[in-house]
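Shown next, in structure tokens, is the structure this report addresses.
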Amino acid sequence: MLTLQAHSAADYHAALRDHPTVLVDFYKDQCPGCRMLDMALAQVAGTPAAADVVLLKVKLETVGEAFFRDLGLRQTPTLSLVRDGNEVHRMAGYHSPAHIEAALTP
């Protein structure tokens, strides 16, 4: 799984445009659930389900709260699975590696 960082709204939109399947990790620094989710994502990264998926990390402190609100996000961490530019699944809070892997499987 290739990992990219979005430092702006433009980076976010470019990643969704340029990659067919993107798992977006919306997070913030001082978030215990976000750190736990990072460990789960590291386990999922090497699985067959993640082979063609790009992980896009979007940090609240970098892109700003207004950007998060515009996307309808209410908490961190939140994962959003985007296929061909369309969100197909959103998972708020911590999720196990098995649950993430299941969401990635078409």
Looking only at non-hydrogen atoms, find the nearest pair between [X] and [Y] and report the distance.
{"X": "Val22", "Y": "Ala15", "result": "CG2-O, 3.7 Å"}
{"X": "Ala45", "Y": "Ala50", "result": "O-CB, 3.8 Å"}
{"X": "Thr47", "Y": "Val44", "result": "OG1-O, 2.7 Å"}
{"X": "Arg83", "Y": "Leu104", "result": "NH2-O, 2.8 Å"}
{"X": "Leu81", "Y": "Ala103", "result": "CD2-O, 3.2 Å"}
{"X": "Ala49", "Y": "Val53", "result": "O-CG2, 3.7 Å"}

(message) With salt bridge (Lys or Arg N to Asp or Glu O under 4.0 Å) as the rule and sequence neighbours excluded, what pairs involving residues 22-47 come up?
(response) Asp25-Lys57, Asp29-Lys59, Asp38-Lys57
(message) Per the salt bridge (Lys or Arg N to Asp or Glu O under 4.0 Å) rule, what does the pair list look like for residues 64-80, sequence neighbours excluded?
(response) Glu65-Arg69
Throw together a table of side-chain donor-acceptor distances under 3.5 angstrom for residues 91-99, partners on residues two or more places apart or in other chains.
from: His95; atom 1: ND1; to: His99; atom 2: ND1; distance (Å): 2.8
from: His95; atom 1: NE2; to: Ala92; atom 2: O; distance (Å): 3.1
from: Ser96; atom 1: OG; to: His99; atom 2: N; distance (Å): 3.1

Are side-chain heavy atoms of [X] and [Y] found at a separation under 4.5 Å?
{"X": "Leu79", "Y": "Phe26", "value": "no"}
{"X": "Leu60", "Y": "Phe67", "value": "no"}
{"X": "Thr21", "Y": "Val54", "value": "no"}
{"X": "Arg90", "Y": "Leu73", "value": "yes"}
{"X": "Val82", "Y": "Leu23", "value": "no"}

(message) Test question: given the 4.5 Å side-chain rule for I, L, V, M, F, W and Y, name all other residues clustered with Tyr27, or answer none.
(response) none
Rounded distance [0.5 Å steps], [atom1] in [X] versus [atom2] in [Y]:
{"X": "His19", "Y": "Leu55", "atom1": "NE2", "atom2": "CG", "value": "11.5 Å"}
{"X": "Thr62", "Y": "Gln5", "atom1": "OG1", "atom2": "CD", "value": "8.0 Å"}
{"X": "Leu16", "Y": "Leu56", "atom1": "CG", "atom2": "CG", "value": "6.5 Å"}
{"X": "Leu2", "Y": "Asp52", "atom1": "CG", "atom2": "CG", "value": "11.5 Å"}

(message) Please check if the number of heavy atoms outside Glu61 that lie under 6.0 Å from its CD is greater than 12.
(response) yes
(request) State yes or no: do Leu41 and Val24 share one hydrophobic cluster built from I, L, V, M, F, W and Y residues joined by side-chain heavy-atom distances below 4.5 Å, directly or via other members? (result)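 Shared cluster, no.
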(request) Keeping to residues at least two apart or across chains, list the ring pair (Phe, Tyr, Trp, His ring centres under 6.0 Å) pairs with something in residues 72-93. (result) none
Compile the donor-acceptor pairs under 3.5 Å between side chains in residues 6-14 and protein atoms, sequence neighbours left out, one pair per line.
from: Ser8; atom 1: OG; to: Ala10; atom 2: N; distance (Å): 3.4
from: Ser8; atom 1: OG; to: Asp11; atom 2: N; distance (Å): 3.2
from: Asp11; atom 1: OD2; to: His7; atom 2: N; distance (Å): 2.8
from: Asp11; atom 1: OD2; to: Ser8; atom 2: N; distance (Å): 3.4

